[in-house]
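FYI, the numbering just counts along the sequence from 1.
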Amino acid sequence: QVQLVESGGGLVQAGGSLRLSCAASGIIYSPNTMGWYRQAPGKARELVATISSGGRTNYADSVKGRFAISRDNAKTTVYLQMNNLKPEDTAEYCCNLDPPGFQSYWGWGTQVTVSS
């Protein structure tokens, strides 16, 4: 079993920064892709950013140039550095672990609120 635990969410003013962390534990299959998704009330869940075991990244157009995703050397923790936050970034952010050909896992989520 795999568990993902996010941290780093909170309340920040527009233009500020937050750094989200997600630590995976359990049986971790490799290679894999880890990423962040977000969902605001009344809206569909959307991809924010992903990063593969090899370091290939993918970003939503809305966050390019502002957010940066990374993972540690053990490849079991993923980070999301969020800069120049905007009110429209307000959402619940969930961590995802996706091993190709295996079950995908999700964290509980962490709330990010950006005030104007």
Side-chain angles (χ1 to χ4, degrees):
Q1 297 180 355
V2 174
Q3 290 189 333
L4 303 173
V5 180
E6 302 101 330
S7 62
L11 175 65
V12 65
Q13 293 183 342
S17 299
L18 286 173
R19 183 175 177 85
L20 305 183
S21 299
C22 174
S25 62
I27 302 174
I28 309 299
Y29 291 95
S30 183
N32 61 69
T33 296
M34 300 187 74
W36 293 93
Y37 295 73
R38 66 186 182 187
Q39 186 171 25
K43 299 184 65 178
R45 183 173 63 190
E46 64 175 348
L47 180 147
V48 178
T50 62
I51 183 168
S52 70
S53 297
R56 178 184 60 82
T57 59
N58 182 45
Y59 294 93
D61 288 341
S62 60
V63 306
K64 287 181 178 178
R66 299 189 298 120
F67 291 9
I69 190 169
S70 61
R71 38 194 304 169
D72 71 358
N73 292 334
K75 300 182 179 180
T76 57
T77 301
V78 64
Y79 305 93
L80 184 68
Q81 179 66 46
M82 304 184 292
N83 298 322
N84 192 24
L85 284 161
K86 303 176 180 180
E88 51 263 43
D89 294 318
T90 296
E92 183 181 32
Y93 286 69
C94 294
C95 177
N96 171 260
L97 172 66
D98 183 24
F102 295 90
Q103 178 182 350
S104 180
Y105 296 91
W106 295 88
W108 287 86
T110 185
Q111 180 67 36
V112 172
T113 302
V114 184
S115 62
S116 60

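Here the side chain of Ser104 pairs no donor or acceptor atom with the backbone of Asp98 at under 3.5 angstrom. Checked by atom type and distance alone, the side chain of Arg66 pairs as donor or acceptor with a backbone atom of Asn84 at under 3.5 Å. One N or O on the side chain of Ser53 and one on the backbone of Asn32 form a donor-acceptor pair closer than 3.5 Å. Judged purely by atom type and a 3.5 angstrom limit, Glu6 uses its side chain to pair as donor or acceptor with the backbone of Cys95. The closest donor-acceptor contact from the side chain of Tyr105 to the backbone of Ala24 lies at 3.5 Å or more, if one exists at all.
Atom CH2 of Trp106 is surrounded by more than 12 heavy atoms from other residues, nucleotides or ligands within 6.0 Å.
The closest side-chain donor-acceptor pair between Asn83 and Arg19, if any, does not fall under 3.5 angstrom. Under the 3.5 Å distance criterion, with hydrogens and angles disregarded, no donor-acceptor pair is assigned to the side chains of Tyr37 and Arg45.
Rounding to the nearest 0.5 angstrom, the gap separating the OG atom in Ser17 from the CD atom in Gln81 is 5.5 Å. Atoms OG1 and CG, from Thr110 and Leu18 in turn, are 9.0 Å apart once rounded to the nearest 0.5 Å. The OG1 atom of Thr113 lies 11.0 Å from the CG atom of Asp89; values are rounded to the nearest 0.5 Å. With rounding to the nearest 0.5 angstrom, the CD atom of Glu88 is 8.5 Å from the OG1 atom of Thr90. The distance from the CG atom of Leu11 to the CG atom of Leu85 is 11.0 Å, given to the nearest 0.5 Å. In this structure, CG on Leu20 lies 8.0 Å from CZ on Phe67, to the nearest 0.5 angstrom.
Taking the side chain as every heavy atom from C-beta outward, Gln39 and Glu46 never approach each other to under 4.5 Å. Looking at Val112 and Met82, their side chains come closer than 4.5 Å, going by heavy atoms from C-beta outward. Side-chain atoms of Tyr59 and Ile69, non-hydrogen and from C-beta on, do get closer than 4.5 Å to each other.
Under the 4.5 Å side-chain heavy-atom criterion for ILVMFWY residues, a single connected hydrophobic cluster contains both Tyr93 and Val12. One hydrophobic cluster holds both Leu4 and Ile28 under the rule that ILVMFWY side chains link at heavy-atom gaps under 4.5 Å.
Contact record, Arg38 with Ser62: NH2-OG, 3.4 Å, taken as the closest heavy-atom pair.
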Checklist entry - Stepwise, does the side-chain contact (heavy atoms from CB on, under 4.5 Å) test hold for Trp108 with Cys94? => result CA-CA 7 Å; Trp108 287 86; Cys94 294; over 6 Å; no
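Partner of Thr33 under the side chain to side chain contact (heavy atoms under 4.5 Å, CB included) criterion, chosen from Thr50, Asn58, Ile51: Thr50.
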